[in-house]
Amino acid sequence: MKLFIKKFTPIFLLSLSTIALAQTSPELKWKVGGTIQAMGSYAQTNGDTAQIGIGLRRVRLKTSFRYGNVSAFIQYSAKNNSVVDARMTYKLSNVVNIRVGKFVGASIRAGSLTPHPKIDIVERPMSAQMWASKTVGSDYRDYGVSTFGKVGFFNYNLTLHNGKGTTNIIASHKKTATFINSSMAISGMIFFKPKSVKGLEAGGYYGIGNANINEYSSYNAYVYWQPNPIRIKVEVIGLTNIVENKDIPSLGYYVFGAYKISDTWELLARYENYDPNTDVRNNSTNLVTLGARYALIPAKIIASKITFAYVLHGQEGTKVDNNVFYVMFQTAL
């Protein structure tokens, strides 16, 4: 038997390599890109003080490759010296894809499911920013594994994750665990894009946090309708943080509208409301943002633009003037 294996193993391996070479190898696709967002602002804070300055909002470097059904994506923040994304994906079919690493899983729509070069105005809605700060973290990413895909015009995403994007859990047989973790966070979403209505997307999300790291429950519902030259977006985001066995419910929503008046100019407006604790009266914040976008290069490949925005900040129970004027320059490839 050993003689048989020894004699025929080289022949078997040679046959496999011959078959592999005879098949058409998939094409390796590799891309490199990045984003620079520089901004100037004037902010009136606390009614009697002001802040004026220029700074960098984001400096990102990214690379991706695809070989057959396997792909990977890495995004690095030069501004924060940190890895933003590091994910690997295996495509079994259009219905089932498996993704592992640190990435944006099932989430709210206004978060990083809207990539940063495509943020509508200068900043994401306040309700989306507050959701991130109270769940997975400000970059909307977490370590986990997800399965996602498409069935007809329905899309789904189911993500199992650690519960906080700053918590990178790695087991080791050489030492005991640094903290006890017997739970996982789970998030799921479903959305659809019917072919019968151009530019329409609607969906919802529900997530439960990790009881050992960050305990919460959250949901959203949204409708995006973007029939050129009009864009309309509406989203409701609810979140209940559980702190020392006490529920703290928050709720926010926004309504966004835009009208493209030419290949280079688009008018923008957004109204939003955020209540950090719905059990407390007169503590919600209202924001009205008026702005415009000028495309430096009116093309899809390079997202170079200048965005102007003025934010009127109102808070129930106070008359404090916290308005802000922004100008942001962006080049993304």
Side-chain angles (χ1 to χ4, degrees), residues 84-87 89 96-116 119 124-151 154-169 179-193 201-224 233-254 272-279:
V84 181
D85 294 274
R87 68 179 192 236
T89 307
V96 179
N97 298 263
I98 305 296
R99 176 167 291 168
V100 296
K102 184 182 181 185
F103 55 89
V104 182
S107 180
I108 60 172
R109 186 62 173 87
S112 285
L113 292 177
T114 300
H116 66 267
I119 293 176
R124 302 183 191 277
M126 175 181 282
S127 54
Q129 295 182 55
M130 297 305 296
W131 178 91
S133 67
K134 295 180 179 181
T135 57
V136 294
S138 59
D139 64 359
Y140 302 88
R141 277 101 170 154
D142 198 4
Y143 299 91
V145 57
S146 113
T147 177
F148 62 95
K150 184 177 182 180
V151 181
F154 280 93
N155 299 261
Y156 77 92
N157 188 313
L158 182 63
T159 305
L160 190 68
H161 52 110
N162 288 346
K164 194 73 175 178
T166 55
T167 306
N168 184 13
I169 301 175
F179 68 95
I180 302 301
N181 179 47
S182 58
S183 178
M184 294 290 287
I186 185 168
S187 301
M189 68 180 299
I190 186 169
F191 62 97
F192 67 98
K193 298 179 180 181
E201 178 185 336
Y205 143 89
Y206 184 76
I208 300 174
N210 187 331
N212 298 130
I213 297 176
N214 184 21
E215 192 171 6
Y216 64 86
S217 63
S218 176
Y219 66 89
N220 91 318
Y222 72 93
V223 177
Y224 283 13
K233 299 181 178 183
V234 180
E235 184 170 8
V236 176
I237 301 171
L239 172 68
T240 298
N241 279 101
I242 304 172
V243 182
E244 297 179 351
N245 296 321
K246 182 180 179 181
D247 292 352
I248 303 177
S250 60
L251 182 66
Y253 66 89
Y254 65 88
E272 50 188 305
N273 177 274
Y274 176 71
D275 189 338
N277 190 339
T278 57
D279 291 337

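Scored by the side chain to side chain donor-acceptor pair (under 3.5 Å) test, Asn210 finds Asn181, Ser183 as partners (sequence neighbours excluded). In this structure, the side chain to side chain contact (heavy atoms under 4.5 Å, CB included) partners of Tyr253, at least two apart in sequence or on a different chain, are Val236, Tyr271, Asn273. With sequence neighbours left out, the side chain to side chain donor-acceptor pair (under 3.5 Å) criterion links Asn162 to no other residue. Residues meeting the side chain to side chain donor-acceptor pair (under 3.5 Å) test with Asp85, sequence neighbours left out: Gln75, Arg141. Listed by chain and number, the residues in a side chain to side chain donor-acceptor pair (under 3.5 Å) with Arg87 amount to none (sequence neighbours excluded). Every residue two or more places apart in sequence or in another chain that forms a side chain to side chain contact (heavy atoms under 4.5 Å, CB included) with Phe192 is listed here: Phe153, Phe154, Pro194, Ala202. Considering only residues two or more places apart in sequence or on other chains, Tyr224 meets the ring pair (Phe, Tyr, Trp, His ring centres under 6.0 Å) condition with Tyr222. Contacts of Asn277 classified as side chain to side chain contact (heavy atoms under 4.5 Å, CB included), with partners at least two apart in sequence or in another chain: Ile248, Pro249, Asp279, Val280, Asn283. For Thr147, the side chain to side chain contact (heavy atoms under 4.5 Å, CB included) partners at least two apart in sequence or on another chain are Val96, Ile98, Tyr156, Leu158.
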In residues 100-111, what donor-acceptor pairs under 3.5 Å come from side-chain atoms, sequence neighbours left out?
unit_1	atom_1	unit_2	atom_2	d
Lys102	NZ	Val83	O	3.4
Arg109	NE	Glu201	OE2	2.9
Arg109	NH1	Leu113	O	3.4
Arg109	NH1	Thr114	OG1	2.9
Arg109	NH2	Glu201	OE1	3.3

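Proximity of a side-chain donor or acceptor of Asn212 to a complementary backbone N or O of Ser182 within less than 3.5 Å is detected.
Summarising the geometry, atom CD1 belonging to Ile213 is positioned 8.0 Å from atom CE belonging to Met184; distances are rounded to the nearest 0.5 Å. With rounding to the nearest 0.5 Å, the separation of OH in Tyr206 from CG in Asn220 is 12.5 Å. Distance CE/Met126 to CD1/Ile237: 12.0 Å, rounded to 0.5 Å. To the nearest 0.5 Å, atoms OH (Tyr140) and OG (Ser133) are separated by 8.5 Å. Between Tyr143 atom OH and Asn168 atom CG the span is 4.0 Å, to the nearest 0.5 Å. Here the OG-NZ distance, from Ser250 to Lys134, works out to 4.5 Å after rounding to the nearest 0.5 Å.
The two atoms that bring Asn157 and Ser146 nearest to each other are OD1-OG, 3.7 Å, heavy atoms only. When all heavy atoms of Ser218 and Leu239 are compared, the pair lying nearest together is CB-CD1, 3.7 Å. Considering all non-hydrogen atoms of both residues, Gly163 and Ala185 come closest at CA-CB, 3.7 Å. Between Ser112 and Arg124, the closest heavy-atom pair is OG-NH2, 3.5 Å. For the residue pair Ser127 and Gly252, the shortest heavy atom distance occurs at CB-CA, 3.8 Å.
Residues Asn214 and Asn241 are in side-chain contact: their nearest non-hydrogen atoms beyond the backbone lie under 4.5 Å apart. Residues Ser187 and His161 meet the side-chain proximity criterion, which asks for heavy atoms closer than 4.5 Å.
Listed by first then second residue, pairs satisfying salt bridge (Lys or Arg N to Asp or Glu O under 4.0 Å) with a partner in residues 233-246 read Asp120-Lys233, not counting sequence neighbours.
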side-chain contact (heavy atoms from CB on, under 4.5 Å) evaluation trace for Tyr216 with Val136:
CA-CA 10 Å; Tyr216 64 86; Val136 294; 4.2 Å; yes
